[in-house]
Structures are given as C-alpha cells and as structure tokens.
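A short write-up of the structure that comes next.
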Amino acid sequence: MNKKNKRVRHLGRKVNNLVMLLMLVSMTLMVILCIYMFNHQTMRMLENRCVNGTNMLSYMLQHYDVDDADAINQILDDLKEEMRCEFTIFEGNTRAYTTVEQDGKRIIGTPLADDIAEIVLEQGKSYIGELNLFDTDYLCSYVPTKDEAGNINGLVFAGVSMEAASEEIDLTIKLSCAAGVTLVLISAFLMSLFIRSAVSKPLSKITTLAQTISNGDLGLERGENLTVDFHSNDEIGVLAEAFENTILRLRNYIGEISSILEEISKGNLTSTINQDYVGDFTSIKKSLEDILTKLNGTMSQIAESSSYVSNGSSQMSIGAQALSQGAVQQSSAVEELDGSMQNISHHVGETAENAQEASHKVELLRDQISESNQKMQEMIQAMQEISDSSNEISKIIKTIEDIALQTNILALNSAVEASRAGEAGKGFAVVAKEVRELAGKSSEASKSTTELIQRSITAVEYGSKIANQTASQLVSVVTNANEIAETTNQIANAAKIQANSVSQIQERIGQISNVVQTNSATAEESAATSEQLSEQANLLKSLIDVFHLSK
C-alpha cells in the first residue's frame, strides 16, 4: 500500500479508547464489588432493623400499659410505617396482634411454627433469619417476652419482606450502575477533551510538520517559518521544541549551503561558512570547506598553468621551427649513413660466409682427429691384451721350469736309488739320466722362452707407453681442435650476428630516415598547433579571471 494513502490512526484516539476500556473494566469491577458489599451490608442493615424493631416493640410493651386492641394495632402500624417492617405480638404461641395481612385482613389467631416456638418459647433465645410466612419470604427477628415474674409468656416478631428488600437492592444496583455509567461517560468525555488538547492536537501538528519535512519542504521557498505552536513541560512539549529547533537548524544549514553553492555558480570562491554545524552535520561543514579549498587550489593551479602554457607555447613554436630545420639536415645525414652501412653490410656478409666455410672445414678436421684417437685407443687396448697374454705365458713357463726342476730332482733321486740297486738298477739309472737330460733341456728352453717373452713384454710396455703418449697428444689435439672449432663457430656466429645487426641497423636507419621526415612535417604542424595553443591558453586565462579566489 502506498504510504500516502495509508490510513493513519491517531495516537490520542488510541489512548482515549484504551483509557475508556480501562475505566469501563475498573468501573465494572467496582460496581460488582459495591453491589456485593451493598447487598451484604443491606442484609446486615435489614437484620439490624428487624432486631431494633423487636427490641423497640418489647420495650414499648414493657413500659406502656396498653390494653386496647385498637391502640396496640395503631402502635404496630406506626412502627411499620416508621421502620418499614412487619410486626406481630404473640400471646403464648398464638398471633394476637399483627400488621401482616392476607386478603385485606390481619392474620391473627394463627399458631407459631413449632421450630420457632421451641427456640424462642422453650429455650428463651432470640431468632434471626429467613422464614417463609404465608407464602412470603421474610427476613425476621423473634424475641421472647416475659411477665412480671420473669416467665416467658409470648414473643414479638419484626420482619422485612425479601421481595421488598430485593426491590430496594435492585433499585440500589440500578442506581449504582446508572451512576457508574454516568461517571464513565463523564470521565471519558473529560479524558477525551484532555487527550485531544494535550496529546492529539500537538501530535497531529507534529505529524503534519514531520510529513511536510519528509517531502523536503522547510518553507525556504515560501519564506514561511514552520512551527508547532505548542508549549508544555511534558514529553510532547519537549518533542515539539526539538522539532522546531531541528527545522530551524536545517533551514539555516540548507540556506547557507544553497547560498554558498549559488556563489560558487557565479564564480565566487571566497565564501565562508558561518553556521555552527553540530553532530553528524559537521561532516557537511568539512565537505563544504574541502570543496572551497580544493576549488580555490585547483583554479589557482589552472590559472598558473595557463600562464605557463601560454609562455611555453610561444617557446614551443620557436623550437618547432628550429626542429624542422634540424630534421631536414638529419634527413640528408641519414641518407649518407644509409649508403655507408650498405657497404659495411656487404663486407660483413662476405666475412660471415668465409667464417662459416672455415667452421665447416674445422668440423671435418675435428671429426677425423676424433676417429684417429678412437683407433689409437683400440690399439692401446690390443697391446694391453698382448701384455696380459705375455704375463700369462710367463706364468706358464715358470710352471714348466718348476716341473723341470722337480723332474731333475726326481731323476737325481732315481740315479741314487739305481746306484744303490747295483746291477738291477742300471736300466733304471739310464732312464733317470735321460730324464735328467730332458729336464735340463726343458729348463734351458724355458729360460730362453722366458727371456724372449720378457723382451716382448718390455717392447710391449714401451710400445704401450709410446701409444699412451700418442693418445694423450691426440686427446690434446682433439681438445684444441674442438676449441678451434668452437672459436671458429663463435666467429662465424658472431659474423652472422654482425651481419644481421648491420641489416637491422640499416633497417633502423631507414626507419629513422622516415621518422626524421615525419618529424620534419610534425614540427611544422607543432608550430601551427603551438600558436593555436597560445590562443587557447589566453582564452583559458580569461575564463579563470572570472573566478574570485581566496588569497
């Protein structure tokens, strides 16, 4: 639902309704309590009336000597009219005189109820309570009477009809209710007037004023002061005063802000803030001061910069003319430099090609030396195998020498044994001799072979030493060849890089030539632009002069 169309229930009406409800509830409770108390009190009063009636009747009978029946009835009628009770005089347990009537006649000659007779006549006690007599309920009092000797000779009765008592109570209740309702209505009316004047009206004014403020209307455009026009020392008065102070403060704030902004729109930046901003409004004051300070600083810098721009544009125009002339001279110099770089590029290209060819040949030489080194390593390995085989043969020959020695020893022993055997051992001695000679020959052959193998080992060792030295030389040669190849490659790569660099330099020189020509044209354009910039700077300076800046 739209807030503008939302139904507003006034607080005063709510309070009034609540107060009326509370008054009705409290009044109802009070009426109920009063009725209960009145009913109880009325019954007590009726009882007291009955007791007083019987006491008075007994006193009159004791102190007044009345024998005439008409006089006695007159006394009873007077008492009935005075005390609004029914009276009866009993002689024994029989009604002798009474104000109680039935069908327009006094009820006399009727007996007393047995239970009452027992209590009053026999026991001599008084009786107070409710009793039904002749189809009518009474609140009654029975008191015994005595003769001069002190003996009970009868009793007196005083009673109030419950129907009459109920009518009195009902009348009292009705009057109480009417009085309560009247008081409630009067109180509600007075409370309504008070709430309307003390709550509803001021709150309605404050609400209307708050809605006006919520719509952004502070009366500045109309020149109207918005006030609540209500003064009291309660919370609503304080609220009204706070609203008025708030509106006044907002009017002052907004008026000053509008004035400062209007002066800024006119170019006046020398305005000052005079209002005392409190609470969260201090941030607005700080913001306004910052805006004025920064605008002053910015405009001052723009004014200063416009002067510099005007002076600089003039100097730029002069410099642009000089730059244009220098650019023409640079263009011719760059063309001559381009021709020289073309010759250098040609020679550097040839050098790079020669270095590349030399690098290729060095690569072939390095491969051949590496292959020779590989063959030399294989030869050294073969000579090592020969040396190992010779060592093995030397070990075998030594074994043969040991066998020949052992065989010689065995042959010697056999000869000794054969000489001991005499003739029988001659054949064996011959064999031993042949064996010894064979062992000697074997020993000599093994010695000769050992010497030959030793010389071979020596030769092989010497050959291995020569081969190792040769291999070391080849390794050094390979290393040097690799270094030469790497150096040659580096030279070739450097020559190639130099050729590329010279080509790039030549290309850059061409670009520089184009740039120089472009700069020459740009310098001429800059000269024209600087003149226009000077004019714009003068215009900017004239615009800045419109603003009044604080010193």
Side-chain angles (χ1 to χ4, degrees), residues 27-61 69 72-145 152 154-182:
M27 191 62 68
T28 302
L29 294 176
M30 289 298 296
V31 167
I32 292 174
L33 180 61
C34 289
I35 290 172
Y36 171 77
M37 294 177 63
F38 181 78
N39 187 26
H40 181 73
Q41 189 67 24
T42 301
M43 296 301 294
R44 292 286 302 274
M45 290 174 63
L46 292 175
E47 289 180 358
N48 291 332
R49 187 191 302 177
C50 294
V51 172
N52 292 332
T54 54
N55 292 334
M56 185 176 293
L57 182 58
S58 298
Y59 178 81
M60 291 179 69
L61 293 177
I72 294 174
N73 287 329
Q74 185 63 42
I75 291 172
L76 294 180
D77 291 337
D78 292 339
L79 287 174
K80 177 179 178 181
E81 183 178 357
E82 182 69 24
M83 303 187 68
R84 292 175 296 174
C85 293
E86 300 290 343
F87 291 93
T88 302
I89 298 174
F90 286 85
E91 293 179 354
N93 63 348
T94 303
R95 290 179 178 86
Y97 307 96
T98 185
T99 60
V100 180
E101 297 180 353
Q102 189 175 20
D103 297 331
K105 295 181 179 181
R106 298 176 186 271
I107 302 173
I108 57 176
T110 56
L112 180 66
D114 295 336
D115 53 349
I116 301 299
E118 181 180 359
I119 295 172
V120 179
L121 296 177
E122 295 179 4
Q123 298 179 6
K125 297 179 179 179
S126 298
Y127 173 81
I128 300 172
E130 294 183 10
L131 187 65
N132 185 276
L133 296 176
F134 308 105
D135 299 328
T136 301
D137 292 328
Y138 286 92
L139 179 63
C140 56
S141 172
Y142 290 90
V143 176
T145 59
I152 297 174
L155 63 131
V156 293
F157 161 84
V160 179
S161 172
M162 292 300 295
E163 183 178 356
S166 298
E167 289 178 356
E168 290 184 6
I169 294 173
D170 291 341
L171 179 60
T172 304
I173 292 173
K174 290 178 182 179
L175 292 175
S176 299
C177 291
V181 171
T182 303

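The CD atom of Gln102 lies 8.0 Å from the OG1 atom of Thr136; values are rounded to the nearest 0.5 Å. Atom CD of Glu81 sits about 12.0 Å away from atom OG1 of Thr99, to the nearest 0.5 Å. Atoms CD and OH, from Glu86 and Tyr138 in turn, are 5.0 Å apart once rounded to the nearest 0.5 Å. Interatomic distance, Tyr127 OH to Ile119 CD1, rounded to the nearest 0.5 Å: 6.5 Å. Note that the CG atom of Asn93 and the CD1 atom of Ile116 stand 12.5 Å from one another [nearest 0.5 Å]. The CG atom of Leu139 lies 4.5 Å from the SG atom of Cys50; values are rounded to the nearest 0.5 Å.
Across Lys125 and Pro144, no two heavy atoms sit closer than the pair O-CD, 3.8 Å. Between Gly92 and Leu121, the shortest heavy-atom distance links the atoms O-CD1, 3.6 Å. A pairwise comparison of heavy atoms in Val156 and Ser58 identifies CG2-OG, 3.2 Å as the closest pair. Taking all atoms of both residues into account, the shortest heavy-atom contact from Glu118 to Glu122 is O-CB, 3.2 Å.
Asp114 CG: 12 or fewer foreign heavy atoms inside a 6.0 Å radius. Applying the 6.0 Å contact sphere to CE of Met83 captures more than 12 heavy atoms from other residues, nucleotides or ligands.
Partner of Met162 under the side chain to side chain contact (heavy atoms under 4.5 Å, CB included) criterion, chosen from Asp137, Asn132, Leu131: Asp137. Just one residue in the list Leu76, Asp77, Ile72 forms a side chain to side chain contact (heavy atoms under 4.5 Å, CB included) with Phe87, and that residue is Leu76.
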Apply side chain to side chain contact (heavy atoms under 4.5 Å, CB included) to residues Lys80 and Cys85 and explain how you reach the verdict. CA-CA 5 Å; Lys80 177 179 178 181; Cys85 293; over 6 Å; no
Does the side chain to side chain contact (heavy atoms under 4.5 Å, CB included) test come out yes or no for Val51 and Ile128, once each step is laid out? CA-CA 8 Å; Val51 172; Ile128 300 172; 3.2 Å; yes
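Legend: residues meeting side chain to side chain donor-acceptor pair (under 3.5 Å) with Thr98, ordered by chain and number and at least two apart, are Thr88. Evaluation of the side chain to side chain donor-acceptor pair (under 3.5 Å) rule for Arg95 yields Thr110 as partners, not counting sequence neighbours.
The shortest side-chain heavy-atom distance between Met56 and Leu79 falls under the 4.5 Å cut-off. The shortest side-chain heavy-atom distance between Ile152 and Thr145 does not fall under the 4.5 Å cut-off. Contact of the Cys140 side chain with the Phe157 side chain is registered, since non-hydrogen atoms from C-beta on lie closer than 4.5 Å. Residues Arg106 and Asn73 meet the side-chain proximity criterion, which asks for heavy atoms closer than 4.5 Å.
Thr54 places no side-chain N or O within 3.5 Å of a backbone atom of Tyr142 that could act as its donor or acceptor partner.
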